[in-house]
Q: 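Structure below; questions to follow.
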Amino acid sequence: MIDLHTHSIFSDGELIPAELAQRAFAAGYKALAITDHVDHSNIDFILPRIIKVCSKITERGKILALPGVELTHVDPIDIPSLANDARKLGAKMVLVHGETLVEPVPPGTNLAAINAAVDILAHPGLITEEEVKLAAEKGVYLEITTRSGHAFSNGHVAQMARKFKANLILNNDAHAPADFVSSKMATNIACGAGLNDDEISVMFENSQKMVQKVSI
Ligand SMILES: [Zn+2]
Ligand SMILES: [Zn+2]
């Protein structure tokens, strides 16, 4: 199991990074990305600290920890430059907090994230056909989430990704220990989104591929 979307106390998660990683390890996870919510106020504060702790956790060898960010509720105009800043500061995983059904995320966020070629567009809500086509072209992964609320549109995301051959990735968006779901629950949630066994296998492999790509 891999979760490439998690939150620590550096944003609205419950745990410091060391415990977050230990809880993921205890739940059977091999890798996680710590992707706290960032905007212009905190990106340069958070990232060096997440990088430092991820490198120490990974060095100890139990679980691979990747430093990342989730650009959250920023104006879509600022997404390309902030994504660029995140990479320059050393983020290995750049996510954008997509247009979930349960929050007033600025319209245009999904498109800006895809155009900026971020790694993962998290909980993209009712993403449009044009956006999904573009995500497939640009290699931006669309998230299927186990997080309640954000998961309302999993079925739509799965269906659109199938239609336009976009890549899917399953994340927990873990904020607390109980959010690291079992592989059975992850599979059930993916089934509930309408994905078949082969599609679910491909989606799980995508997490591994992503880890390999950024670990080089
Ligand atoms: Zn989010
Ligand atoms: Zn999140």
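The first residue in the sequence is number 1, and the count goes up from there. Just follow the structure's listing: the first ligand is 1, and inside any ligand the first atom is 1.
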Q: Minimum heavy-atom separation for V96 to E70, with atom names?
A: C-CG, 4.1 Å
Q: What orientation do F45 and F10 show, parallel under 30°, tilted 30 to 60°, or perpendicular over 60°?
A: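 Answer is tilted, since the angle falls between 30° and 60°.
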Q: Can you tell me which N/O/S atom of D173 has the shortest distance to the Zn ion (ligand 2)?
A: OD1
Q: Using a distance-only test with no angle check, is there a side-chain donor-acceptor pair under 3.5 angstrom linking Q208 and K30?
A: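 Per modelled atom types, Q208 and K30 side chains form no pair under 3.5 Å.
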Q: Are more than 12 heavy atoms from other residues, nucleotides or ligands located less than 6.0 Å from atom CZ of F164?
A: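 Counting other residues, nucleotides and ligands, CZ of F164 exceeds 12 neighbours.
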Q: Please confirm if an N, O or S atom belonging to H5, backbone or side chain, lies less than 2.8 Å from the Zn ion (ligand 2).
A: yes
Q: Kindly give the atom name of the N, O or S atom of H97 closest to the Zn ion (ligand 1).
A: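 Of the nitrogen, oxygen and sulfur atoms in H97, the Zn ion (ligand 1) lies nearest to ND1.
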Q: Once rounded to 10 degrees, what value does the angle at the Zn ion (ligand 1) take between NE2 (H123) and OE2 (E70)?
A: 110°
